[in-house]
Amino acid sequence: MREKMEFDFKRYHIRSMNAGTNEERAAINQELKDLYAALSEENKKLFNEQLQHFLTKEVSRIKSDYESISGLDSPN
């Protein structure tokens, strides 16, 4: 049985957030595109599933953070 690949999207996300220039951010995005292009069809499917999970989790976290912060301006 083959070992399931795990992709560290958080590492790319943090690097992209901390990029000093648009060119640096574009280079990070290109790394992900190159990684994806080199994958087998089976691993591309895993990549897409894991990316979707990561994005869903991040959006949920951001929404929760936003709701917590926006509630600070509302009187009780």
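Values in this document were obtained by computation on a predicted structure and should not be read as measured data.
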Rounded to the nearest 0.5 Å, what's the gap from [atom1] on [X] to [atom2] on [Y]? Could you check?
X: Asp65; Y: Lys63; atom1: CG; atom2: NZ; value: 11.5 Å
X: Leu51; Y: Phe9; atom1: CG; atom2: CZ; value: 4.5 Å
X: Arg25; Y: Asn18; atom1: CZ; atom2: CG; value: 9.0 Å
X: Gln50; Y: Lys45; atom1: CD; atom2: NZ; value: 12.0 Å
X: Phe7; Y: Leu46; atom1: CZ; atom2: CG; value: 6.5 Å
X: Asn43; Y: Lys4; atom1: CG; atom2: NZ; value: 11.0 Å

Practice task
Return yes when atom NE2 of His13 has more than 12 non-hydrogen atoms of other residues, nucleotides or ligands closer than 6.0 Å, and no otherwise.
Solution key: yes
Handout entry: Tyr12 backbone acceptor or donor facing Ser16 side chain under 3.5 Å
Key = no
Handout entry: Donor-acceptor contact below 3.5 Å, side chain Ser68 vs main chain Ser64
Key = yes
Exercise for the section: Determine whether the side chains of Asn48 and Gln52 contain a donor N or O and an acceptor N or O closer than 3.5 Å. Expected result: no
Fill in the blank from the handout: The salt bridge (charged side-chain N to carboxylate O under 4.0 Å, His left out) partners of Lys44 (sequence neighbours excluded) come to Glu41
Exercise for the section: Write out all pairs satisfying salt bridge (charged side-chain N to carboxylate O under 4.0 Å, His left out) with one or both partners inside residues 13-22, taking only residues at least two apart or from two chains. Expected result: Arg15-Glu31
Handout entry: ILVMFWY cluster membership beyond Ile14 - transitive side-chain contacts under 4.5 angstrom
Key = Met17
